[in-house]
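Given the structure is predicted, the values throughout are model-derived calculations rather than measurements. Letters A, B, ... are given to chains in the order of the sequence lines, protein chains preceding strands, and every chain is numbered from 1.
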There are 2 protein chains.
Amino acid sequence: MVQLHDARFDTTFAALSDATRRGVLEQLGRSDASITALAERFQMTLTGMKKHIGVLEQAGLVQTEKVGRVRTCRLGSSRLEQEAEWMEHYRRLWDARFNELDKVVEELKRRENSDE
Amino acid sequence: MVQLHDARFDTTFAALSDATRRGVLEQLGRSDASITALAERFQMTLTGMKKHIGVLEQAGLVQTEKVGRVRTCRLGSSRLEQEAEWMEHYRRLWDARFNELDKVVEELKRRENSDE
DNA sequence: TCTATACTGAACCATATGGTTCAGTTACAT
DNA sequence: ATGTAACTGAACCATATGGTTCAGTATAGA
């Protein structure tokens, strides 16, 4: 049931398609951070960063918790496992196609040889 | 020089964030195909499919060649190697954070025990 | 109690995206 | 020579995205 994962993949890959958001993930890998801290680090308004965090949260890549007036962001529960798997799958497809081409080339060589 | 890869990552992940395009990659993993064939398979106008192919081509995931009046699409040269690497990197960050939390939890338990 | 900080939400803006239709152009088949 | 098939490009449309400003609300600190 590949279809079932489609929506999730859409949102995860879309979340990863922005350099700022990938930067935020890197940062959160080093230490948790407030929205303000992240906004400063990436030279952006609070509101702008909040939106990015929203996207990352939606994709399960980040979790946040508000205590007092500061909302702390940390890495979320999605470890991109299925996405990494998908990439592996794609690579196998690629290899399959590649090997097929190799066979064709070999076949051509064989014919050339028998023609000589 | 992480920045150098940023633009490429942007376009690759964006290309992968659409279910139709991922479907096209799957299909091309099985066999090369014309734009018309792909458009039919994914129930879409020729023009629509052409745009998707354009996006995939831009990301290096697909290559095309026009012979006569049909343009044949096949898997491209990008094997998502750097992207897979990036995901691994992210995972290591995640693990690092996770282990850190584990230590904190252990530390808390130790204190609890010494309090008893 | 007053003030500054940290966030939130609505509204706005420019540009991008995913799709369409319509009007070509080129190439194959009769 | 002509019709049809395969693609291409321009124009259009609705919605999404990445950002902003501005006007709040809620909390921490003096």
Side-chain angles (χ1 to χ4, degrees), chain A residues 3 5-28 31-74 76, chain B residues 3 5-28 31-74 76:
Chain A
Q3 323 300 76
H5 301 311
D6 277 8
R8 169 152 298 279
F9 277 27
D10 279 13
T11 64
T12 335
F13 283 131
L16 293 179
S17 75
D18 181 277
T20 300
R21 287 193 291 262
R22 291 193 303 274
V24 167
L25 290 181
E26 294 264 349
Q27 175 56 43
L28 295 184
S31 68
D32 300 350
S34 70
I35 310 246
T36 301
L38 292 171
E40 273 172 15
R41 189 165 208 283
F42 293 91
Q43 306 192 89
M44 179 175 307
T45 58
L46 255 188
T47 314
M49 180 51 71
K50 176 101 182 308
K51 281 196 183 179
H52 281 305
I53 296 297
V55 172
L56 290 167
E57 222 173 345
Q58 202 66 25
L61 294 166
V62 159
Q63 278 172 0
T64 74
E65 184 196 10
K66 188 167 186 176
V67 53
R69 53 183 173 177
V70 21
R71 176 174 299 278
T72 300
C73 311
R74 57 179 55 85
Chain B
Q3 323 300 73
H5 301 311
D6 276 9
R8 169 151 298 278
F9 276 27
D10 279 13
T11 65
T12 333
F13 283 129
L16 293 179
S17 75
D18 181 277
T20 300
R21 287 194 291 262
R22 290 193 304 274
V24 167
L25 290 181
E26 295 265 348
Q27 175 55 43
L28 295 184
S31 68
D32 299 351
S34 71
I35 309 246
T36 301
L38 292 170
E40 272 172 16
R41 188 163 208 287
F42 293 91
Q43 306 193 89
M44 180 174 306
T45 59
L46 255 189
T47 314
M49 181 51 71
K50 175 100 183 309
K51 281 195 185 182
H52 281 305
I53 297 296
V55 173
L56 289 167
E57 223 172 345
Q58 201 67 26
L61 294 166
V62 160
Q63 278 173 0
T64 74
E65 184 195 10
K66 188 165 186 178
V67 52
R69 53 181 173 177
V70 22
R71 177 175 297 277
T72 300
C73 311
R74 58 179 55 84

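- Pairs of residues two or more places apart, or lying in two chains, that qualify as side chain to side chain donor-acceptor pair (under 3.5 Å) and include a residue from residues 45-55 of chain A are R21(A)-H52(A).
- When each of A14(A) and T72(B) is assigned the nucleotide of DNA chain D bearing its nearest heavy atom, the one mapping closer to the 5' terminus is T72(B).
- Residue F13(B) contributes atom CZ, which lies 19 Å from atom C1' of dG18(D) at whole-angstrom precision.
- Remark on DNA chain D: of its neighbouring residues V67(A) and S17(A), the 5'-side contact belongs to S17(A), judged by nearest-heavy-atom nucleotide.
- Atom CD of Q43(B) is separated from atom OG1 of T20(B) by 10.0 Å, given to the nearest 0.5 angstrom.
- Between the CG atom of D18(B) and the C1' atom of dT17(D) there is a distance of 15 Å, rounded to whole Å.
- Atom pair Q43(A):CD and dT20(D):C1' shows a separation of 15 Å (rounding to whole Å applied).
- Looking at the side chain of R69(A), the nearest of the listed nucleotides dG18(D), dT20(C), dA4(C) is dA4(C).
- When rounded to the nearest whole Å, the span between CE of M44(B) and P of dG19(C) equals 4 Å.
- Contacts of residues 46-66 of chain B with DNA chain D (heavy atom under 4.0 Å): L46(B), T47(B), K50(B), K66(B).
- The two residues A37(A) and A33(A) come nearest to each other via the heavy atoms CB-CB, 4.4 Å.
- Side-chain proximity of I35(B) to dT8(C), dT20(D), dT8(D): nearest is dT8(D).
- In terms of heavy atoms, R74(A) sits closest to E65(A) at NH1-OE1, 3.7 Å.
- Heavy-atom minimum distance, V24(A) versus L56(A): CG1-CD1, 3.8 Å.
- The backbone N or O of L16(A) sits less than 3.5 Å from a side-chain atom of R22(A), completing a donor-acceptor pair.
- For the OP1/OP2 pair of dT8(C) and a distance below 4.0 Å, the side-chain nitrogens and oxygens of R71(A) include at least one atom meeting the criterion.
- Phosphate contact (OP1/OP2 of dG18(C), side-chain N/O of R21(B), threshold under 4.0 Å): present.
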